[in-house]
Novice: 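Mind looking over this structure? Questions follow.
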Number of protein chains: 2
Amino acid sequence: MAPKHESNQCPMESILGQIMGPWTPYILWLLSNEESLRFGQLSALIPDISAKVLTDRLRKLEASGLVHRDYQPTVPPTVYYSLTDRGAELHEVLQGLNEVALRWDAEDRKKRLIPVTEIIAAE
Amino acid sequence: MAPKHESNQCPMESILGQIMGPWTPYILWLLSNEESLRFGQLSALIPDISAKVLTDRLRKLEASGLVHRDYQPTVPPTVYYSLTDRGAELHEVLQGLNEVALRWDAEDRKKRLIPVTEIIAAE
DNA sequence: CTGTATCCGATATGATACTG
DNA sequence: CAGTATCATATCGGATACAG
């Protein structure tokens with residue numbers, strides 16, 4: 001499958017292409033709080049995600065080396081997901097985004113404006 | 001239009017929802033280098049983007065307060081786009097992502113691996 | 001010049017059912 | 001438990017034509 005666009009001299013877009021899917025930053029955040037999480041735990045922590053999409057996200061994160069998948073062929077099988085070093089580093093960088101998001105939100109609410117984090121939802 | 005997902009306790013996803021579209025980080029980067037850019041200039045600097053998508057991105061960035069649109073009702077009209085303070089701040093934060101992307105890329109190439117920034121393109 | 005309107009195909013997501 | 005398969009739907013991006 002070819003990407004929707006290429007070669008625009010913007011390396012960060014490649015990274016964003018990997019974290020950009022819905023739920024992905026949240027998955028990274030959840031994994032950053034635990035040594036590891038099993039598929040079912042992630043599924044329970046993100047009630048609105050379907051198994052298919054959760055699988056897609058995890059496979060993509062695994063392919064890009066951000067998440068490690070530890071498959072234990074027990075019966076029934078148990079699978080543990082954890083952040084790789086890169087995954088942890090990416091999560092650290094994303095904290096800057098989170099702080100900005102929270103601060104803007106607070107500013108907007110103080111001014112009784114629609115918070116920037118809700119603008120998309122309000123479209 | 002409703003968003004694809006909501007309310008997952010992850011503020012940064014709201015921000016990412018705004019910068020996540022293809023081209024958007026690049027647009028922010030272009031605007032960060034200039035006082036302002038006109039629609040046609042942006043269009044020329046991003047040859048592969050269609051007018052429709054460029055308009056969509058700019059409208060979204062404007063709605064979220066990241067970009068300022070200065071419409072001059074001359075004949076023909078001239079429109080200048082520039083970063084707001086928030087847009088500039090977001091761009092700063094994104095530089096961290098860019099640096100990580102470039103470093104990982106260099107590491108992967110040294111090891112003769114497929115660079116992480118090309119994994120999506122290789123799918 | 002700076003867009004808008006429209007149609008269309010590609011892609012992504014969601015729901016459901018099913019399996020090793 | 002941890003997914004996969006399938007189908008239906010929704011959204012997105014691209015191309016073209018056109019307008020104030």
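We use all heavy atoms of the structure for the numbers below, so side chains are in, but hydrogens, waters and symmetry mates are not.
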Novice: When you group the ILVMFWY residues by side-chain heavy-atom contacts below 4.5 Å and let the links chain together, are Trp29(A) and Val100(B) in the same group?
Specialist: yes

Novice: Using OP1 and OP2 only, check whether a side-chain N or O of Arg38(B) sits under 4.0 Å from dC1(C).
Specialist: no

Novice: Would you check, one step at a time, whether the test side-chain contact (heavy atoms from CB on, under 4.5 Å) holds for Leu37(A) with Leu45(A)?
Specialist: CA-CA 10 Å; Leu37(A) 284 173; Leu45(A) 288 165; 3.9 Å; yes

Novice: Please report the shortest heavy-atom distance between Val93(B) and Leu97(A), naming the atom on each side.
Specialist: CG1-N, 3.8 Å

Novice: Starting at CD1 of Ile49(B) and ending at P of dT16(D), how long is that distance when rounded to a whole Å?
Specialist: 17 Å

Novice: Mind listing the closest non-hydrogen atom pair of Val67(A) and Thr84(A) along with its distance?
Specialist: C-CG2, 3.7 Å

Novice: How bent is the helix from dC1(C)-dG20(D) to dG20(C)-dC1(D), measuring the angle between the end axes built from five pairs each, rounded to 10°?
Specialist: 60°

Novice: With sequence neighbours left out, write down each residue that passes salt bridge (Lys or Arg N to Asp or Glu O under 4.0 Å) with Asp56(B), or none if nothing qualifies.
Specialist: none

Novice: Could you tell me whether Asn33(B) atom CG has more than 12 heavy atoms of other residues or ligands within 6.0 Å of it?
Specialist: yes

Novice: Within residues 70-80 of chain A, which residues have any heavy atom lying less than 4.0 Å from an atom of DNA chain D?
Specialist: Pro76(A), Pro77(A), Thr78(A), Val79(A)

Novice: Report the distance from atom CD of Gln41(B) to atom C1' of dG3(C), rounded to the nearest whole Å.
Specialist: 16 Å

Novice: Dump the pairs, protein N or O against N or O of nucleotides 4-10 of chain C, anything under 3.5 Å, distances to one decimal.
Specialist:
unit_1: dT4(C); atom_1: OP1; unit_2: Arg59(B); atom_2: NH2; d: 3.3

Novice: Can you hop from Val79(A) to Val75(A) via hydrophobic side chains spaced under 4.5 Å?
Specialist: no

Novice: Report the distance from atom CG of Leu94(A) to atom CD of Glu92(A), rounding to the nearest 0.5 Å.
Specialist: 9.5 Å

Novice: Atom CG of Leu58(A) to atom C1' of dT4(D): distance rounded to whole Å?
Specialist: 14 Å

Novice: Any side-chain N or O of Arg57(B) below 4.0 angstrom from OP1/OP2 of dC12(D)?
Specialist: no

Novice: Quick test of your reading: applying salt bridge (Lys or Arg N to Asp or Glu O under 4.0 Å), list the pairs with at least one residue in residues 33-45 of chain B, sequence neighbours left out, ordered by first then second residue.
Specialist: none

Novice: Just how far, in rounded Å, is C1' of dT16(D) from CG of Leu54(B)?
Specialist: 17 Å

Novice: Once side chain to side chain donor-acceptor pair (under 3.5 Å) is applied, do any residues pair with Ser36(B), and if so which ones, sequence neighbours excluded?
Specialist: none

Novice: What is the distance, to the nearest angstrom, from the CD1 atom on Ile46(A) to the P atom on dA2(D)?
Specialist: 14 Å

Novice: So does Lys111(A) pair up with Glu107(A), basic N to acidic O under 4.0 Å?
Specialist: no

Novice: Find the distance Leu42(B):CG to dT2(C):P and express it as a whole number of Å.
Specialist: 10 Å

Novice: How many whole angstroms separate atom CG of Leu37(B) from atom P of dC1(C)?
Specialist: 15 Å

Novice: On the nucleotide dC1(D), are OP1 or OP2 found under 4.0 Å from the side-chain N or O atoms that Tyr81(A) carries?
Specialist: no

